Amino acid sequence: MKKGIPLSDEDRTPWLKVLRDVVNANLVSGKTVILGCSALQKQYREILSRHAVTGLIGSNAFNHTNNISNII
């Protein structure tokens with residue numbers, strides 16, 4: 001990205017899996033977690049929710065906002 005070349009799906013997948021695993025580990029330990037991530041493509045959201053801690057995170061946890069007033 002520093003060179004102005006966008007990441008490919010192959011670049012993003014390991015990063016998204018790490019984010020998912022860190023979120024899961026923190027949820028299991030009883031912490032509250034908020035992850036801010038565009039995850040615009042459905043496959044990215046599926047990676048983040050796949051193998052998620054049951055009952056703590058899932059596809060319903062994704063909040064799609066169209067403008068800033070939705071998140072205030």
Side-chain angles (χ1 to χ4, degrees):
M1 289 180 53
K2 186 176 182 179
K3 295 179 182 178
I5 301 169
L7 296 175
S8 68
D9 289 341
E10 292 78 25
D11 296 325
R12 286 185 178 95
T13 298
W15 175 74
L16 291 168
K17 288 178 179 179
V18 167
L19 289 175
R20 179 203 56 216
D21 294 344
V22 169
V23 167
N24 281 339
N26 281 278
L27 289 172
V28 166
S29 70
K31 296 178 182 173
T32 300
V33 179
I34 297 173
L35 171 64
C37 176
S38 62
L40 297 175
Q41 293 186 27
K42 182 179 179 181
Q43 67 184 14
Y44 301 159
R45 294 187 299 276
E46 288 173 348
I47 291 168
L48 289 171
S49 62
R50 192 176 303 130
H51 308 294
V53 177
T54 304
L56 296 178
I57 188 172
S59 60
N60 292 333
F62 293 99
N63 182 13
H64 301 276
T65 59
N66 294 323
N67 60 52
I68 193 68
S69 64
N70 288 341
I71 54 176
I72 295 177

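Model, not experiment: these values are computed from the prediction.
- Only one option out of D9, L19, T13 pairs with I47 in a side-chain contact (heavy atoms from CB on, under 4.5 Å); it is T13.
- The minimum heavy-atom distance between L16 and L48, with the atom names listed, is O-CD2, 3.5 Å.
- Transitive grouping of hydrophobic side chains (ILVMFWY, heavy atoms separated by less than 4.5 Å) brings W15 and V33 into a common cluster.
- Following chains of ILVMFWY side-chain contacts shorter than 4.5 Å, one cannot reach L27 starting from V22, and the two form parts of different hydrophobic clusters.
- In terms of the side chain to side chain donor-acceptor pair (under 3.5 Å) criterion, residue partners of D11 (sequence neighbours excluded) are, by chain and number, S8.
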